[in-house]
Amino acid sequence: MMNTFRVNVTLDPESASPHLIVSNDLKTVRNVGCLQNVPMTPDRFEDEIILGAQVFTSGVHYWEVDVGNSMKWKVGVCKESVSRNSSVPFFPGDVFLITYIQNEDTCTVISSCSHIPPLAVNPIRIVGIFLEYNQGRISFYDVLKKSFLLSFPTFPFSEPLRPIFHCS
């Protein structure tokens, strides 16, 4: 059923932190660990963040993120107007992220929503993100295991949303 709502998410290089390099096909990003020589524009994040190029203002959308063997990552959805300044914290309702941390034998998913307790999970390689804009729902899935991870509490979206990726 999710494939009915599948969208082709690409990366927005104009939003990419100076630490990140985006592939020519706009499908892959990697953190090079040092600042690249790029102009600092109002759209560019200071932290190791990049947005998807797609903007969602209504409807149902599904996309997948291949995180590979990464031991730590964050993916989700944010308001298009979210601050790009690293000294300004994200506010509740501005960003809907899950953080994955793998330490030795444990894997944990932490939500940016304080009402959702951390989850113990098996290694995750591909994350599915299901956005129901009009219903105010965002859900996450472990694609390879075909299992549900978590959903954020229903939230009335009032402005455009974009995919967000944090690349440590």
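What you see is a predicted model, and the numbers here were worked out from it, not measured in a lab.
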Output the distance between atom [atom1] ([X]) and atom [atom2] ([Y]), rounded to the nearest 0.5 Å.
X: Leu20; Y: Phe45; atom1: CG; atom2: CZ; answer: 10.5 Å
X: Glu14; Y: Leu51; atom1: CD; atom2: CG; answer: 11.5 Å
X: Leu35; Y: Ser17; atom1: CG; atom2: OG; answer: 7.5 Å
X: Leu144; Y: Ile126; atom1: CG; atom2: CD1; answer: 4.0 Å
X: His19; Y: Glu46; atom1: NE2; atom2: CD; answer: 10.5 Å
X: Asn31; Y: Ile21; atom1: CG; atom2: CD1; answer: 9.0 Å

Answer whether the closest heavy-atom distance between the side chains of [X] and [Y] falls below 4.5 Å.
X: Pro18; Y: Met40; value: yes
X: Trp73; Y: Val65; value: no
X: Ile138; Y: Phe130; value: no
X: Val22; Y: Ile50; value: yes
X: Val82; Y: Phe90; value: yes
X: Ile124; Y: Leu149; value: yes
X: Val75; Y: Ile129; value: yes
X: Val127; Y: Phe140; value: yes

**Message:** Would Gln54 and Thr10 count as a side-chain contact (heavy atoms from CB on, under 4.5 Å) here? Give the steps.
**Reply:** CA-CA 7 Å; Gln54 290 63 37; Thr10 55; 3.2 Å; yes
Which pair of non-hydrogen atoms, one from [X] and one from [Y], has the smallest distance, and what is that distance?
X: Ser86; Y: Asp47; result: CB-OD1, 2.9 Å
X: Ser111; Y: Ile116; result: OG-CD1, 3.6 Å
X: Cys107; Y: Tyr100; result: SG-OH, 3.4 Å
X: Leu11; Y: Pro13; result: O-CD, 3.1 Å
X: Ser70; Y: Arg125; result: O-NH1, 4.4 Å

**Request:** Before giving the answer on side-chain contact (heavy atoms from CB on, under 4.5 Å), spell out for Trp63 and Leu131 the whole-Å C-alpha distance, their side-chain angles and the decisive distance to 0.1 Å.
**Result:** CA-CA 9 Å; Trp63 64 97; Leu131 168 64; 4.2 Å; yes
Sidechain-backbone polar pair: [X] side chain, [Y] backbone, donor-acceptor under 3.5 Å:
X: Ser112; Y: Leu97; result: yes
X: Lys27; Y: Val9; result: yes
X: Gln36; Y: Cys34; result: yes
X: Thr106; Y: Asn103; result: yes
X: Arg84; Y: Arg44; result: no
X: Arg162; Y: Pro160; result: no

**Request:** Evaluate the criterion side-chain contact (heavy atoms from CB on, under 4.5 Å) for residue pair Glu80 and Val55; output intermediate values, then yes/no.
**Result:** CA-CA 8 Å; Glu80 188 172 30; Val55 178; 3.7 Å; yes
**Request:** Evaluate side-chain hydrogen bond (donor to acceptor under 3.5 Å, both in side chains) for Tyr133 paired with Gln135, printing each intermediate quantity in order.
**Result:** CA-CA 5 Å; Tyr133 188 98; Gln135 288 75 33; over 6 Å; no
Is [X] linked to [Y] within one hydrophobic cluster, defined over Ile, Leu, Val, Met, Phe, Trp and Tyr using a side-chain heavy-atom separation of less than 4.5 Å?
X: Val67; Y: Leu26; answer: yes
X: Val121; Y: Ile98; answer: yes
X: Val7; Y: Ile164; answer: no
X: Ile49; Y: Val95; answer: yes

**Request:** Assert yes or no for the condition that the ring centre distance of Phe96 to Phe157 is strictly below 6.0 Å.
**Result:** yes
**Prompt:** Between Phe56 and His61, is the ring centre distance below 6.0 Å?
**Reply:** yes
**Prompt:** Can you find a side-chain donor-acceptor pair between Ser23 and Asp25 that sits under 3.5 Å?
**Reply:** yes
**Asked** Near Arg6 CZ, under 6.0 Å, is it more than 12 heavy atoms from other residues, nucleotides or ligands?
**Response** yes
**Asked** What do the steps show when you test Leu150 against Val109 for side-chain contact (heavy atoms from CB on, under 4.5 Å), and what is the final call?
**Response** CA-CA 9 Å; Leu150 64 87; Val109 170; 4.0 Å; yes
